[in-house]
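First comes the structure, then the notes that go with it.
Bear in mind the structure is a predicted one, so any value in this text is a computation, not a measurement.
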Amino acid sequence: MFLRNLLLGLTAALVAACAGVSEPPVSGPVKQRIELHKRTDKPIHIGDGGGNLSDFTADERAPNPRSFHEWTFNLTELPTVAVIDVAMYSLTSFCPTVLAVNSHDVRDLATSGASGLGVMTEVKVVVPKDKFVTGTNVLSISEKLCGGGGLNDSLIRTLIITLH
């Protein structure tokens, strides 16, 4: 019976992970909230500019977008855990869009939550403290090559880190 329940639990966890279900809620007091990109800021266009950009307004499109964007922030102490909230508009769901902290890949945002052609994706990513350092930290979102070559195009709308 124990083995059966264990297998059912592992199967449920695997299905949830594959379905892009949000991570479990984090408890504990909020130590700091860092808004790296606010919804009122101009969206950041990353990709190769080769997608169907008709869904992007002219002022949202970058003439020569880079494949990634980086933000730096400083920490005076390490969090117990952090939650990164990302809202982005993506043109595809089959090309990797990777969130990284200090060069550690944390999550493929293209497979998280609702994604796909013309869909706004909002994802909460729980990041353990071992990904952070005291001092300067770098968070990046990068478009990676698709199977057939080329990159996805995305607009980053918001990026907020909540430290617990």
Side-chain angles (χ1 to χ4, degrees), residues 12-47 51 53 55-57 59-62 65-144 146 151-164:
L14 181 61
V15 168
C18 291
V21 174
S22 294
E23 305 219 10
V26 174
S27 59
V30 173
K31 293 180 181 176
Q32 187 177 3
R33 188 170 191 262
I34 305 169
E35 290 187 84
L36 296 174
H37 196 79
K38 300 175 187 168
R39 193 169 294 272
T40 55
D41 295 339
K42 181 179 177 180
I44 298 169
H45 177 191
I46 60 173
L53 301 180
D55 288 336
F56 294 5
T57 65
D59 64 321
E60 291 174 333
R61 290 183 216 136
R66 295 187 318 162
S67 62
F68 68 96
H69 192 84
E70 291 182 339
W71 297 262
T72 58
F73 58 98
N74 288 304
L75 295 178
T76 55
E77 66 177 289
L78 294 178
T80 303
V81 69
V83 178
I84 300 175
D85 290 287
V86 182
M88 62 189 295
Y89 182 86
S90 188
L91 291 180
T92 67
S93 61
F94 52 84
C95 300
T97 303
V98 178
L99 173 72
V101 176
N102 295 321
S103 299
H104 298 283
D105 290 354
V106 175
R107 172 74 68 84
D108 179 359
L109 299 172
T111 61
S112 302
S115 63
L117 181 61
V119 175
M120 178 68 76
T121 301
E122 296 189 24
V123 181
K124 286 185 180 301
V125 180
V126 178
V127 182
K129 72 178 181 180
D130 66 345
K131 304 296 184 224
F132 297 96
V133 297
T134 303
T136 302
N137 290 266
V138 178
L139 188 145
S140 66
I141 298 178
S142 305
E143 296 294 350
K144 303 294 184 181
C146 297
L151 301 171
N152 182 29
D153 282 282
S154 296
L155 292 177
I156 302 164
R157 300 285 187 181
T158 60
L159 184 60
I160 301 167
I161 303 172
T162 305
L163 305 170
H164 295 268

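- Scanning all heavy atoms of the two residues, the minimum distance from Glu122 to Ala87 falls at CG-CB, 3.8 Å.
- Smallest separation of non-hydrogen atoms from Pro79 and Phe132: CG-CD1, 4.1 Å.
- Scanning all heavy atoms of the two residues, the minimum distance from Lys42 to Asp59 falls at CE-O, 2.7 Å.
- Distance check, rounded to the nearest 0.5 Å: OG of Ser140 to CG of Asp105 gives 7.5 Å.
- Taking every heavy atom of both residues into account, Leu163 and Ala82 meet most closely at CD2-CB, 3.7 Å.
- Annotation for Thr76 and Thr134: closest pair O-CG2, 3.6 Å, computed over non-hydrogen atoms.
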Q.
Set out, in order, the CA-CA distance, both residues' side-chain angles and the distance that settles side chain to side chain donor-acceptor pair (under 3.5 Å) for Glu143 and Thr97, then state yes or no.
A. CA-CA 5 Å; Glu143 296 294 350; Thr97 303; 2.7 Å; yes

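- Taking the side chain as every heavy atom from C-beta outward, Asp153 and His45 approach each other to under 4.5 Å.
- Between Glu60 and Arg157 there is a salt bridge, since at least one side-chain N of the basic residue sits less than 4.0 Å from a carboxylate O of the acidic one.
- Interatomic distance, Ile141 CD1 to Ser67 OG, rounded to the nearest 0.5 Å: 12.5 Å.
- The line from CG of Leu159 to CG of Leu36 is 5.0 Å long, rounded to the nearest 0.5 Å.
- Between Trp71 and Ile156, some side-chain heavy-atom pair lies under the 4.5 Å cut-off.
- Between Glu77 and Lys31, at least one side-chain N (NZ, or NE/NH1/NH2) sits under 4.0 Å from a carboxylate O, which counts as a salt bridge.
- For the residue pair Asn102 and Lys131, the shortest heavy atom distance occurs at ND2-O, 2.9 Å.
- Separating the CZ atom in Phe73 from the CD1 atom in Ile34 is a distance of 5.5 Å, to the nearest 0.5 Å.
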Q.
Please determine whether side-chain contact (heavy atoms from CB on, under 4.5 Å) holds for the pair Asn137 and Leu139, giving the CA-CA distance in whole Å, both sets of side-chain angles, and the decisive distance to 0.1 Å.
A. CA-CA 7 Å; Asn137 290 266; Leu139 188 145; over 6 Å; no

Q: Give the intermediate values and the outcome of side-chain contact (heavy atoms from CB on, under 4.5 Å) for residues Ile160 and His37.
A: CA-CA 7 Å; Ile160 301 167; His37 196 79; over 6 Å; no

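- Counting only heavy atoms from C-beta outward, the side chains of Ile46 and Arg66 never approach each other to under 4.5 Å.
- Side-chain contact between Pro29 and His164 is absent, with no heavy atoms from C-beta onward closer than 4.5 Å.
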(Q) Under the criterion side-chain contact (heavy atoms from CB on, under 4.5 Å), I'd like the reasoning laid out for Val86 against Leu109: C-alpha separation, chi angles, the key distance, then a yes or no. (A) CA-CA 9 Å; Val86 182; Leu109 299 172; 4.0 Å; yes

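- With contacts defined as side-chain heavy-atom distances shorter than 4.5 Å, the pair Lys129/Val81 does not qualify.
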**Q.** Derivation of the side-chain contact (heavy atoms from CB on, under 4.5 Å) call for Ile84 and Val101
**A.** CA-CA 10 Å; Ile84 300 175; Val101 176; 4.0 Å; yes

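- Atoms CG and CG, on Asp130 and Leu78 in that order, are 9.5 Å from each other to the nearest 0.5 Å.
- Atoms CG and OG1, on Asp85 and Thr162 in that order, are 5.5 Å from each other to the nearest 0.5 Å.
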